[in-house]
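In this chain, residues are counted from 1 in sequence order. One-based numbering, in listed order, for ligands and for the atoms of each.
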Amino acid sequence: MTVKLRFAPSPTGKLHVGNARTALVNYLFCKSKNGEMLLRIDDTDQERSKPEYEKSIKEDLNWLGIFWEKTDRQSSRLKNYNDALQHLFDIGRAYRCYETQEELSLKRKAQLMSGNPPVYDRQGLSLVDNDHQKFQKEGRLPHWRFKLIHEEVSWIDMVRGNCTYDMKSLSDPVIMREDGRPIYTLASVVDDIDHNISHIIRGEDHVTNSAAQIQLFKALGGKVPELGHLSLLAGSEGEGLSKRLGSLNLGELKQEGFESITLSSLLAKIGTSDPIKAFINTDELIKDFDLSKFSRNTAKFDSNDLYIMNKKSIQFMEFKEAKSRLTEIGLDINEEFWRTISGNLNKLNEARIWWDVVYGEIDPIIDNSNLIEKAIEFFPENNLDNTSWGSWCKSISGNTDYKGRDLFISLRKAITGFEFGPELSNLLPLIGKDKILSRMSGKKS
Ligand code: GLU
């Protein structure tokens with residue numbers, strides 16, 4: 001079987017972490033089976049769909065390491081949806097209805113008040129030609145519903161296992177609006193059939209849709225793809241992601257300086273039985289991918305994990321990549337500089353801090369002027385190399401009472417302006433003798 005998956009965003013907003021996770025899981029599953037990926041733009045909502053959202057979604061997907069072989073858009077396939085509707089009508093599975101939203105909501109209220117489930121009463125199904133003509137004369141246009149067969153629909157979900165729905169408990173879904181625009185329920189199935197989609201992986205908010213769509217696939221003569229419904233993301237304390245982390249879109253995380261591999265490593269592992277860890281690149285994530293490890297429990301997205309993992313991702317970063325990325329922010333680094341500082345970065349843009357320490361100006365902190373005076377006295381005569389720090393400290397502690405941590409920290413503060421940072425044995429040769437001596441005499445340099 002040819003493995004073919006699709007990711008189907010609606011371009012009505014920016015890509016949110018929840019959707020990014022769905023996209024990533026589709027992509028990793030697809031590529032772990034050498035499959036083909038389709039990006040389907042679900043843009044039938046003309047008012048809310050915007051080209052700028054489509055552009056930013058595509059950019060964010062690429063940033064996350066997700067690529068696709070083909071793109072399609074629903075707005076270019078309206079004829080296909082109309083043809084499918086006609087077919088459903090011809091076989092007695094689509095029918096016209098005229099209720100307004102207000103009428104439907106009144107019906108639902110009445111059903112609930114009399115203790116019945118708010119399932120559509122199929123009034124449209126009993127309309128005869130005269131009724132249709134009467135409505136049309138009144139200027140009322142029909143919307144269309146798909147007639148469900150009242151049976152049990154079951155499937156083995158790739159994530160949730162056995163799923164069964166009694167279709168009697170569902171309303172016949174609306175599949176076409178009054179104005180001729182298709183509803184997602186129909187359009188998605190028509191597309192999935194035409195593109196020979198083999199597996200559908202999406203959020204568990206689509207489980208009920210899936211039950212109805214299984215009947216639609218069959219009514220339209222298509223093969224039902226394998227289905228997998230991922231649990232939704234929640235924030236670290238179990239609250240819905242939409243509350244506290246609701247504004248979390250990929251663009252913002254990128255702006256905040258997180259590496260895309262950090263985010264994809266996290267999104268590929270939350271909600272699975274595997275531990276969370278930083279991966280080196282997307283290929284490694286693909287090799288490691290296993291959908292059967294995803295559980296039905298809510299997946300916790302803890303932004304603290306991002307901070308911890310980002311440090312690791314930077315340690316994995318090759319010099320070449322770091323160089324090209326840092327050139328973009330005006331830092332022309334060499335390999336020695338990268339080797340010295342990379343272990344101290346939580347985010348790549350923090351390289352600027354150590355750039356200033358090595359090549360720019362800092363405000364030295366002299367917290368013990370006697371100690372610093374002695375340190376200047378014993379400063380190495382020779383050119384600085386990686387052994388200079390060790391021998392310098394040794395001669396200070398051998399000839400004075402200053403030693404250990406207090407000595408190291410005072411020197412570090414004077415030379416770098418910070419209490420912490422990369423190994424001084426590596427920093428000293430990079431900073432150079434003149435700057436070090438000038439800083440130790442308290443000068444901003
Ligand atoms: N556009 C739909 C959504 O974003 C696609 C759902 C699906 O994958 O079928 O919810």
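The aromatic ring centres of Phe294 and His229 sit 6.0 Å or more apart. In this structure, His143 has its ring center no closer than 6.0 Å to that of Tyr98.
For the salt bridge (Lys or Arg N to Asp or Glu O under 4.0 Å) with Arg40, the lone residue among Asp72, Asp191, Asp194 that qualifies is Asp191.
Neither the backbone nor the side chain of Phe7 comes within contact range of ligand 1; no heavy atom lies under 4.0 Å.
Closest to atom 4 (O) of ligand 1, if we only count protein heavy atoms, is Ala8 O, 3.5 Å. Shortest contact from atom 10 (O) of ligand 1 to any protein heavy atom: His206 NE2, 2.9 Å. The nearest heavy-atom contact from the protein to atom 9 (O) of ligand 1 is Tyr184 OH, 2.6 Å. The closest protein non-hydrogen atom to atom 8 (O) of ligand 1 is Arg6 NH1, 2.7 Å.
A side-chain N or O of Asn209 and one of His206 form a donor-acceptor pair less than 3.5 Å apart. Checked by atom type, the side-chain pair Asp356/Trp354 shows no donor-acceptor distance below 3.5 Å.
Of the options Ile200, Ile201, Asp192, Asp42, the smallest heavy-atom separation from atom 1 (N) of ligand 1 is shown by Asp42.
Listed by number with element, the atoms of ligand 1 under 4.0 Å from a non-hydrogen atom of Arg202 are 7 (C), 8 (O), 9 (O).
A donor-acceptor contact shorter than 3.5 Å links the side chain of Ser169 to the backbone of Asp166.
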